[in-house]
Amino acid sequence: MTPVADTNTRMRVLDAAERLVQERGFNGFSYAHVAGELGITKASLHYHFAGKADLGRALIDRYVARFSHQLDEIDTSSPDAPSKLAGYVRLYERVLIDEGRICLCGMLAADYRTLPAAMREAVTAFFEENEAWLLDVLTDGEAAGQLHLTGSPRVVAQAIVGGLEGAMLLARPYGDGLRFRAVAVGLIRGLTGTVLDLAAPVRRPRTEAAS
């Protein structure tokens, strides 16, 4: 097996496992599920990831890196705090509406007490990074008179992350993106005094069977 083939197989394993976690949770899939979906042996999976905990940590690390890159893009492309908040909400909405999935770390948080220690630390770090990014946006926006906070920036940042994660979970069983957007609009309108402009119309989340 060539290094290129090794890399391709590793990426395919991560892609399949990420989807399975987002659909079933970490405790709802096994190496057999991934191997069967990709048409490879479980031995091949162990070649790339010695155990499920190693695979889980790799999933989080990749997800966090991707999410961090998207936050950097929002910082670069958005001129003010309200538009940064709108961009942040769109990250969640794309996962729910376009991909028919739930935030990977949100799903893992539901399994938190049964996760290996290294995964628990990585899940917590993901939420802390999000809150730290929002804290900067909220602090700068309040100082510039663009946002009106009713609590400390840290508490508001925690409320935004918790509200969006919870809204994703509640919208999923109903297959109704409007439920998610209603929460998102309410969260941000209270800060900006204006209706959140997400640009794109809401569609029904794709079903798991269609994803």
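Predicted, not measured: the structure shown is a model, and the values here were computed from it.
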Residues in ring-ring contact (aromatic ring centres under 6.0 Å, His included) contact with Tyr31, at least two apart in sequence or another chain: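 Only His46 meet the ring-ring contact (aromatic ring centres under 6.0 Å, His included) criterion with Tyr31.
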When rounded to the nearest 0.5 angstrom, what distance separates [atom1] in [X] from [atom2] in [Y]?
X      : Y      : atom1 : atom2 : answer
Cys105 : Glu129 : SG    : CD    : 10.0 Å
Gln22  : Cys103 : CD    : SG    : 7.5 Å
His48  : Met11  : NE2   : CE    : 12.0 Å
Leu104 : Arg19  : CG    : CZ    : 13.0 Å
Met168 : Ile97  : CE    : CD1   : 8.5 Å
Lys52  : Leu115 : NZ    : CG    : 9.5 Å

Looking at residues at least two apart in the chain, or sitting in another chain, which of them share a salt bridge (Lys or Arg N to Asp or Glu O under 4.0 Å) with [X]?
X      : result
Asp140 : none
Asp80  : none
Arg113 : none
Asp75  : Lys84

Taking every non-hydrogen atom, the tightest pair across [X] and [Y]:
X      : Y      : result
Ile102 : Val95  : C-CG1, 3.8 Å
Ala17  : Leu55  : CB-CD2, 3.9 Å
Leu38  : Ala16  : CD2-CB, 4.0 Å
Arg90  : Ser83  : NH2-O, 4.5 Å
Leu191 : Leu187 : CG-O, 3.6 Å
Leu135 : Pro153 : CD1-CB, 3.4 Å

With sequence neighbours left out, write down each residue that passes side-chain hydrogen bond (donor to acceptor under 3.5 Å, both in side chains) with Glu128, or none if nothing qualifies. none
Identify which one of Leu170, Leu169, Val185, Leu164 satisfies the side-chain contact (heavy atoms from CB on, under 4.5 Å) criterion when paired with Phe180.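 Per the side-chain contact (heavy atoms from CB on, under 4.5 Å) rule, the option paired with Phe180 is Leu164, out of Leu170, Leu169, Val185, Leu164.
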Listed once per pair and sorted, the side chain to side chain donor-acceptor pair (under 3.5 Å) pairs that draw on residues 55-67, sequence neighbours left out: Asp15-Arg62, Glu18-Arg62, Glu18-Arg66, Arg57-Asp61
Contacts of type side chain to side chain contact (heavy atoms under 4.5 Å, CB included), residue [X], not counting sequence neighbours:
X      : answer
Leu20  : Arg24, Phe29, His33, Val34, Glu37
Asn27  : Asp111, Thr114
Gln158 : Glu131, Arg154
Gln70  : Phe67, Leu91, Arg94

Does [X] use its side chain to pair, donor to acceptor, with the backbone of [Y] at less than 3.5 Å?
X      : Y      : answer
Asn130 : Phe126 : yes
Gln146 : Ala81  : yes
Asp136 : Trp133 : no

Mind running side-chain contact (heavy atoms from CB on, under 4.5 Å) on Glu142 and His148 for me, showing each step along the way? CA-CA 6 Å; Glu142 184 176 42; His148 310 285; over 6 Å; no
Is there a side-chain contact between [X] and [Y] (heavy atoms, below 4.5 Å)?
X      : Y     : result
Ile40  : Val13 : yes
Val137 : Tyr88 : no
Leu134 : Leu85 : yes
Tyr47  : Thr9  : no

